[in-house]
Amino acid sequence: MTSPEAHTLIGAYALDALDDAERARLESHLAACPECATELRELRAVATTMGGAVPRTPPASLRAAVLREIETTPQLPPRLADRRSRGQRRATFAAIASGVAAVVAFVALGVVGTLTINQRHQLADVRAQAADLEAVASEVAARSAQPMAGGGRLAVVAVAGRAFVDIRDLPDLPANRVYQLWAASAKGVESAGIVGGNVGRAHRLLALGKEATAVKVTVEPAGGSKQPTSAVIGSAPLPG
Amino acid sequence: MQRRTDDDDGRALRAVADHDPTLDAGNGTSSVDSALLRAGRGDTRAFAVVYDQLAARVYGLVRRVVRDPAQAEEVTQEVFVEVWRQANRFDPARGNATGWICTLAHRRAVDRVRSAQAATDRERRAGPMDARGGETGYDEVVEQVELRMEYERLRRCLHGLTDLQRESISLAYYSGYTYREVAEMLSTPVPTVKTRMRDGLIRLRDCLGVTA
């Protein structure tokens, strides 16, 4: 949608007078157009004033029904997309990576025993969201996957000291061998975790130092090694 | 159309909240905003405050659009449950609670009226414009608006629009028609209606002195 075209639609959008397809197209335009967003906020405020012109008391039974229903309705977690700046792929990755990290941290807090029913619902939501985020992150990462020597593919999405690593299509290794991830920097190479030799596919969220320059993969004896003992089969550079 | 035959709205204007946060000129966070923020942390009593402050506004708007009282109640309930679910996504930096909830309510009402009418309209669309034409809903709205001192300015501003601006905006907002439908009803080219909606709203914005 071009900018002038979108601009003329803002009024209709503020009045909810677009059909679903146009609404979706305009919304994607708005995400990349700060002036449009400002105008939309103002026109929405006009609509809100118009909306206040026709008040009417609902039946008292409705209040009771609403308050009863919310007692058993879990609340959504805060929207992760709010942290995303417009149209920036990297920022999208950052949102995904920090979302996964936040969710993992929340689940890892181990406070489950003292949760209220409502909080349990929220926790279930958070876990479901974690699974969704990981799936999304994997798919995003997989688009940039590079083949590794001997089979399998490696993809790394990295932002601000964190890297989401997705490795897939991994050939099975002999029972006494595992895949090992490494964080490489000017100072050398440090282990960044082990992936089982017969899992086929895995993803990891790594907290890396700012000095890390690449994520590398080798095949190591079961239990992993302190330093690589075989040739690097895959390597993905990290943005500087 | 059922949507336009219900004429009991004239009796509707009793429960106007004394305090209308939308008309407050930016004096920081309103009581509804702070109640909604507390509701976002799971506070059901704060949520009840939000409900009490905005139920008449939401129900009135929803009923105006969907017309049918039973459906309006259903939609209003859905809206408030959704407000509860999403409460901790409310960000006062991006607009006040009244606007946030009103926008959500209007969208839901419009979605409901369109899905409910999709089937019957498809049959009627082939026929003449009888049922849909000639009903702007505007006079009704103006009548009600006149009952409220608070909305004196809105009424005056609506009167300051051209007929086409006013009818386009009114049919879309208060009756839930798309701009294409409005164009058809007013026998006016689609691009013209689209433009009139926008410049009409801009004129209202300037007349009302609305700030986002």
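Within every chain, numbering begins at 1; the chains are lettered A, B, ... in the order of the sequence lines, protein sequences first and strands thereafter.
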> Can we say A:R23 and B:D111 salt-bridge, meaning some charged N sits less than 4.0 Å from an Asp/Glu carboxylate O?
Replying inline: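 Between B:D111 and A:R23 there is a salt bridge, with a charged N closer than 4.0 Å to a carboxylate O.
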Point-to-point distance, once rounded to the nearest 0.5 Å, from [atom1] of [X] to [atom2] of [Y]:
X: B:L201; Y: A:E42; atom1: CG; atom2: CD; value: 11.5 Å
X: B:Y174; Y: A:M50; atom1: OH; atom2: CE; value: 4.0 Å
X: B:R205; Y: A:L43; atom1: CZ; atom2: CG; value: 6.0 Å
X: A:I10; Y: B:M197; atom1: CD1; atom2: CE; value: 14.5 Å

Check: [Y] and [X] side chains under 4.5 Å, non-hydrogen atoms:
X: B:R198; Y: A:E39; result: yes
X: A:L15; Y: B:I169; result: yes
X: A:L62; Y: B:Y51; result: yes
X: B:R180; Y: A:E22; result: yes

Can you name the closest pair of heavy atoms from [X] and [Y] and give their distance?
X: A:P59; Y: B:E73; result: CG-OE2, 3.2 Å
X: B:L154; Y: A:T49; result: CD2-O, 3.9 Å
X: A:I70; Y: B:F47; result: CD1-CD2, 3.4 Å
X: B:R41; Y: A:Q75; result: C-OE1, 4.2 Å
X: A:L18; Y: B:R114; result: O-NH1, 3.1 Å
X: A:A47; Y: B:Y173; result: O-OH, 3.0 Å

>> Can you confirm whether B:E82 is buried at CD, in the sense that more than 12 heavy atoms of other residues, nucleotides or ligands lie under 6.0 Å from that atom?
In response: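 Atom CD in B:E82 is crowded, with more than 12 foreign heavy atoms closer than 6.0 Å.
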> Is the backbone of A:G11 close enough, under 3.5 Å, to the side chain of B:Y179 for a donor and an acceptor to pair up by distance?
Replying inline: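 The answer is no, because no donor-acceptor pair under 3.5 Å joins these two groups.
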>> Donor-acceptor check, side chain of B:R57 to backbone of A:T48, threshold 3.5 angstrom: yes or no?
In response: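 Yes.
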> Given a strict heavy-atom distance threshold of 4.5 Å, which part of A:R44 is in contact with chain B: side chain, backbone, both, or neither?
Replying inline: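 For A:R44, the side chain is the part near chain B, not the backbone.
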> Non-hydrogen atoms of chain A under 4.5 Å away: do they reach the side chain of B:A39, the backbone, both or neither?
Replying inline: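 For B:A39, backbone heavy atoms alone lie under 4.5 Å from chain A.
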>> I'd like to verify something: which residue of B:G40, B:A87, B:G200 has the highest number of heavy-atom pairs under 4.5 Å with chain A?
In response: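 Ranked by heavy-atom pairs under 4.5 Å with chain A, first place is B:G40.
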> Top residue by heavy-atom pair count (under 4.5 Å) with chain A, among B:T195, B:L208, B:T103?
Replying inline: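 Counting heavy-atom pairs under 4.5 Å, the top option is B:T103.
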